[in-house]
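What follows is a single structure, written as structure tokens, with notes after it.
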Amino acid sequence: MAALRKPKQPQPYDGMRILDLTHRYGVYAGKLFADLGAEVIRVEPPDGLPDRAALPNRDPRFAFLNANKKSIVLDFGDPRAEARIDALVSSAGAVFIERDGPLYDAIGRLRAANPRAVITAVSPYGMTGPLADAPASDLVLQAAGGIAWMSGRIEREPLALPFSQATMVGSIYAATVTAIALHHAEATGQGHLIDVSVQECIAHSLQNAIQVWDLEQRISIRGGEGTRDATEDIFPCRDGFVFLASPLAVGNSWKSLVAWMVEAGHPSGKIFSHERWSSREWRLTREAREEFRTAFTAFSTLFDKEEMARQAIARRIVMGPASRISEVIDDPQLAHRDFFTQVEMEDGALVRFPGAPFKLTPQVWATARAPALGEHNASVKELSS
Amino acid sequence: MKPDFLKGVRFADLTWAGAGPFSTKIFSDFGAEVIKIESSVRLDSVRTGGPFKDRRFGVNRSGYFASRNTGKKSVVLDLKSEEGRALVFDIIRKSDVISNNFGPGAMDRLGLGYDAVRAVKPDIIYLSMPMYGEDGPRAEMLGVGMTISAVTGLMWSTAYGPGDPVGPGTHYPDHAANPYHAAFAVLAALRRKRLTGEGMKIDLSQVESTINFIGTAFVAQAMTGEEPPQASNASGEMAPHGIYRCKGEDAWCAITVGSDAAWAEMARLMGEPRLADDTRFASTAARIGNREALDGIVTTWTSACEAGEVAERLRQAGIPAARVANSRHLVENDVQLAGRGYWQRVEHPELGNSLYASPPYQVDGERVELSRPPLLGEHTREVLSLLLGLDEARLDALETSGVFK
């Protein structure tokens, strides 16, 4: 596993300071900048931004989403802090703020303090509109944005995505648009105000559901009946599950799959050689799904995930293991690419973290642990001036 | 507004299908010149994938394609021909970025590998985004977005309960993590190029990108040594926390109750204020411990009311709640999205006046207005003439010899 070193090569965001006052839906944005060289400073009230109170010490969410940031403490209520806030904002290229956190209602002041800066405001529903102040949570935003509707089995309730995906989607849109606005602001000296709605970010991530409604007046729905081929699903194998996609349209995935079963002398090979399996329409029906599930499971449960992956690659079948999180860390491909990295915690312990989301050449990505509250007070000169 | 924030940035864009074009769209929406180089022989699979205007197939009639390619230019070239490839190199010489999401080795087979491109354009930003990365024992595994969900643990973790995985119902990694990690990397490379004059190679493994999107689960597993729970819609920190059936067909409301005070308020709204004092539900820990009974009580209430009404009453009381919106509701009835002007209609010769989601933010108080997606090959002659300076006679000759296909 790769050790962490600050790259020798210049990093993309060298010389860029970013103030980060997010505490929930925008938190991952700052990490993306920090890992590419920006100085990302959490500016926190004396008892910390709300995420410190909400999450226990060394909480993995806090540790990951705030990796590589700095932290300083400012008493936002103290009138003497105002000059320091202005000095900090004036030293920054971008400022992230978030609803229910400090300075969200002080946009005019931020812009006056630094007209060249990009101010990115992240909020559940946006700064305007009837729900601008509405209470929200990750699950609720996944419902309001339409993604919760898309997952689950048809006979059960809709199923939201795990691991705070409203935060991840909101943050990644906030990061990219901020980078675009910075591109312009650095070139022209003209700052920008970005108003990111997490609900809109989720609604922007619905595959083609909006166009399916607009053009064909069909509502995309969980379970995939009527839209997904019978083969596109998760199926059990000997030691877990695999995901398969062998619709007729995807290369030779179907032909190869059936050929494998026939070659193995398995009775399912004969079932799938029946001519109705060449009908795209029939393959979308519930009957096809049920027949496929029964006959494919009779075959797939003979093999373990490892063997299924090997056969999938050799036979050009679109199929992969549905790994547990604790299996992904032993994935041979990720090991080959030395993907995971180690981050040294405050107590010196090394913890395995995901490596870069993109492999860059020259290598200019590095991460580090999240900051303790106020850890960098002494090193940020605008605090003492 | 039609922002010109990225004016002067040019892409030779070879991406196709879902994730790749979604990542370059954000550049064209902000004023970059994204030259989509495509083939009429091997069509972009979303051009043929639908949904189609009036349910009638046509290479310019797919709404899916339209939603991923606003504001781009389309140039059709036969990359397998000598002349077609030479023209691509001429476009690359004048571009900042070349982007593709083919499988490993495909660009090399087209003669467009990193070294070949860098030889003609030393400061190129070269984006590749194959599923599993460029090399390694599983690099050749074929996959769609759901395969990425599978091998990253996202599918296992999207579950109704222990041992009962379902997975995201969409090719989710294609629509969030991967296009935008890719776009972010290109924007970073553009800044580094301004600082150093150097280009950059970006090898985005869609699996590695997606693992970052569920990175909190990996850090949790590393810290505790335990597999993160397959938690369904439930939470280990709150109850009620779920999606509850409402009155009507397939109607649902998401509700999350974060404190004892919020629970007391909800009990009052349900007309059962005594529930706040019921020892089974008196604390968060108690409510989590008695989740099944609790969810039963909540469902009794919600299933007698309309989803929108449940959500509105809870929100008024300060409790996070929302109807589980489907596409039709979002487009026709969501007052928040409508109030912020989220939906736009854009004229197009074959799609008519069709619907688009705006980029999900306002910039300086305004919406980013989208420009329509290109017809197949619409800009071939324009780009070759204006950018490369080819004259009419040369263009005619190329057309006759079949290079524009």
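Fair warning: this is a prediction, and the values are worked out from it, not measured in the lab.
A/His184 is listed as a side-chain neighbour of B/Asp4, based on a closest heavy-atom distance under 4.5 Å. Residues A/Ile317 and B/Leu142 have side chains not in contact (no heavy-atom distance under 4.5 Å, counting atoms from C-beta outward). Residues B/Met146 and A/Val318 have side chains not in contact (no heavy-atom distance under 4.5 Å, counting atoms from C-beta outward). B/Thr216 has its side chain out of reach of A/Thr167: every pair of non-hydrogen atoms, C-beta onward, lies at least 4.5 Å apart. Looking at A/Pro332 and B/Arg138, their side chains come closer than 4.5 Å, going by heavy atoms from C-beta outward. Using a 4.5 Å cut-off on side-chain heavy atoms (C-beta onward), B/Thr158 and A/Leu159 make contact. The closest side-chain heavy-atom distance from A/Thr176 to B/Phe27 is not below 4.5 Å. Side chains of B/Phe52 and A/Leu215 form no contact here, defined as non-hydrogen atoms less than 4.5 Å apart.
Heavy-atom distances place the backbone of A/Ala356, and not its side chain, under 4.5 Å from chain B. Heavy atoms of B/Ala220 lying under 4.5 Å from chain A belong to its backbone as well as its side chain. Contact annotation for B/Leu330: only side-chain heavy atoms (C-beta onward) come within less than 4.5 Å of a heavy atom of chain A. Both the backbone and the side chain of A/Arg316 come within less than 4.5 Å of a heavy atom of chain B. Neither the backbone nor the side chain of B/Pro3 has a heavy atom closer than 4.5 Å to any heavy atom of chain A. Heavy atoms closer than 4.5 Å to chain A are found nowhere in B/Asp174, neither backbone nor side chain. Only the backbone of B/Ala159 comes within contact range of chain A, with at least one heavy atom under 4.5 Å from a heavy atom of that chain. For chain B, the nearby part of A/Gln11 is the backbone; its heavy atoms alone come within less than 4.5 Å. Contact of A/Ala136 with chain B is made through the backbone alone, with heavy-atom distances under 4.5 Å. For B/Thr224, no part lies under 4.5 angstrom from a heavy atom of chain A. Both the backbone and the side chain of B/Met141 come within contact range of chain A, each with at least one heavy atom under 4.5 Å from a heavy atom of that chain. Of the atoms belonging to A/Leu244, not a single heavy atom falls under 4.5 Å from chain B. Using a 4.5 Å cut-off between heavy atoms, A/Val364 touches chain B through its side chain atoms alone. Heavy atoms of B/Pro165 lying under 4.5 Å from chain A belong to its backbone as well as its side chain. If you measure heavy-atom distances from A/Leu65 to chain B, the contacts under 4.5 Å come from the side chain alone. For B/Arg315, the parts sitting under 4.5 Å from any heavy atom of chain A are the backbone and the side chain alike. Only the side chain of A/Leu36 comes within contact range of chain B, with heavy atoms under 4.5 Å apart. There is no contact between A/Leu141 and chain B, counting heavy-atom distances below 4.5 Å. A/Asp195 touches chain B through backbone and side chain together, each having a heavy atom under 4.5 Å away. Only the backbone of A/Ala132 has a heavy atom closer than 4.5 Å to any heavy atom of chain B. Interface remark: A/Met319 contributes backbone atoms only to the contact with chain B (heavy atom separation under 4.5 Å). Heavy atoms of B/Asn178 lying under 4.5 Å from chain A are absent altogether. Both the backbone and the side chain of B/Asp164 have a heavy atom closer than 4.5 Å to some heavy atom of chain A. Both the backbone and the side chain of B/His241 come within contact range of chain A, judged by heavy atoms closer than 4.5 Å. Interface remark: A/Ser137 contributes backbone and side-chain atoms alike to the contact with chain B (heavy atom separation under 4.5 Å). In this structure, chain A has a heavy atom under 4.5 Å from the backbone of B/Thr152, while its side chain stays farther away. Neither the backbone nor the side chain of B/Gln316 comes within contact range of chain A; no heavy atom of the residue lies under 4.5 Å from a heavy atom of that chain.
Here CZ of B/Arg340 is found 12.5 Å from OH of A/Tyr125. Values are rounded to the nearest 0.5 Å. With rounding to the nearest 0.5 Å, the separation of CD1 in A/Ile172 from OG in B/Ser209 is 6.5 Å. Within the model, atoms CG of B/Leu187 and OH of A/Tyr13 stand 6.0 Å from one another, a figure rounded to the nearest 0.5 Å. To the nearest 0.5 Å, atom CD of residue A/Glu157 and atom OG of residue B/Ser232 are 5.5 Å apart. In this structure, CD1 on A/Ile210 lies 13.5 Å from OH on B/Tyr356, to the nearest 0.5 angstrom.
Using cut-offs of 30° and 60° on the angle between ring planes, the pair B/Trp156 and A/Phe241 is tilted. Using a 30° and 60° split on the angle between ring planes, A/Tyr28 and B/His181 fall in the perpendicular class, above 60°. Using the six-membered ring where Trp is involved, B/Phe184 and A/Phe358 have ring planes that are parallel, under 30° apart on the 30 and 60° scheme.
Taking the charged nitrogens against the carboxylate oxygens, B/Glu134 and A/Lys359 have no contact shorter than 4.0 Å, which rules out a salt bridge. Looking at B/Glu208 and A/Arg337, a side-chain N of the basic residue comes within less than 4.0 Å of a carboxylate O on the acidic one, giving a salt bridge.
B/Tyr172 and A/Gln165 form a side-chain donor-acceptor contact under 3.5 Å, judged by distance and modelled atom types alone.
Each of A/Gln142, A/Glu232, A/Arg218 has some count of heavy-atom pairs under 4.5 Å with chain B, and the biggest count is that of A/Arg218. For chain B, the option among A/Leu360, A/Ile180, A/Leu161, A/Val122 with the highest count of heavy-atom pairs below 4.5 Å is A/Ile180. Your options are A/Ala121, A/Ala38, A/Ala160, A/Pro130, and the one with the most heavy-atom pairs under 4.5 Å with chain B is A/Pro130. When each of A/Gln217, A/Met127, A/Glu327, A/Glu186 is checked for heavy-atom pairs under 4.5 Å with chain B, A/Glu186 comes out on top. Contact count against chain B (heavy-atom pairs under 4.5 Å) is highest for A/Met16 among A/Lys31, A/Met16, A/Met345, A/Arg310. Of all the listed residues (B/Lys201, B/Gln336, B/His175, B/Gln362), the one sharing the greatest number of non-hydrogen pairs under 4.5 Å with chain A is B/Gln336. For chain A, the option among B/Gly169, B/Gly153, B/Pro320 with the highest count of heavy-atom pairs below 4.5 Å is B/Pro320. Most heavy-atom pairs under 4.5 Å with chain B: of the set A/Ala245, A/Ala134, A/Ser220, A/Ala309, this distinction falls to A/Ala309. Considering only heavy-atom pairs separated by less than 4.5 Å from chain A, the leading option among B/Glu226, B/Arg55, B/Met223 is B/Arg55.
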Pair A/His204-B/Tyr361, ring-ring contact (aromatic ring centres under 6.0 Å, His included): steps then yes or no: CA-CA 10 Å; A/His204 207 258; B/Tyr361 29 71; 8.0 Å; no
Pair A/Ser326-B/Glu227, side chain to side chain donor-acceptor pair (under 3.5 Å): steps then yes or no: CA-CA 6 Å; A/Ser326 43; B/Glu227 177 72 23; 2.4 Å; yes
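Both tests pass for A/Arg156 against the ring of B/Tyr160: distance under 6.0 Å to the centre and angle within 45° of the axis.
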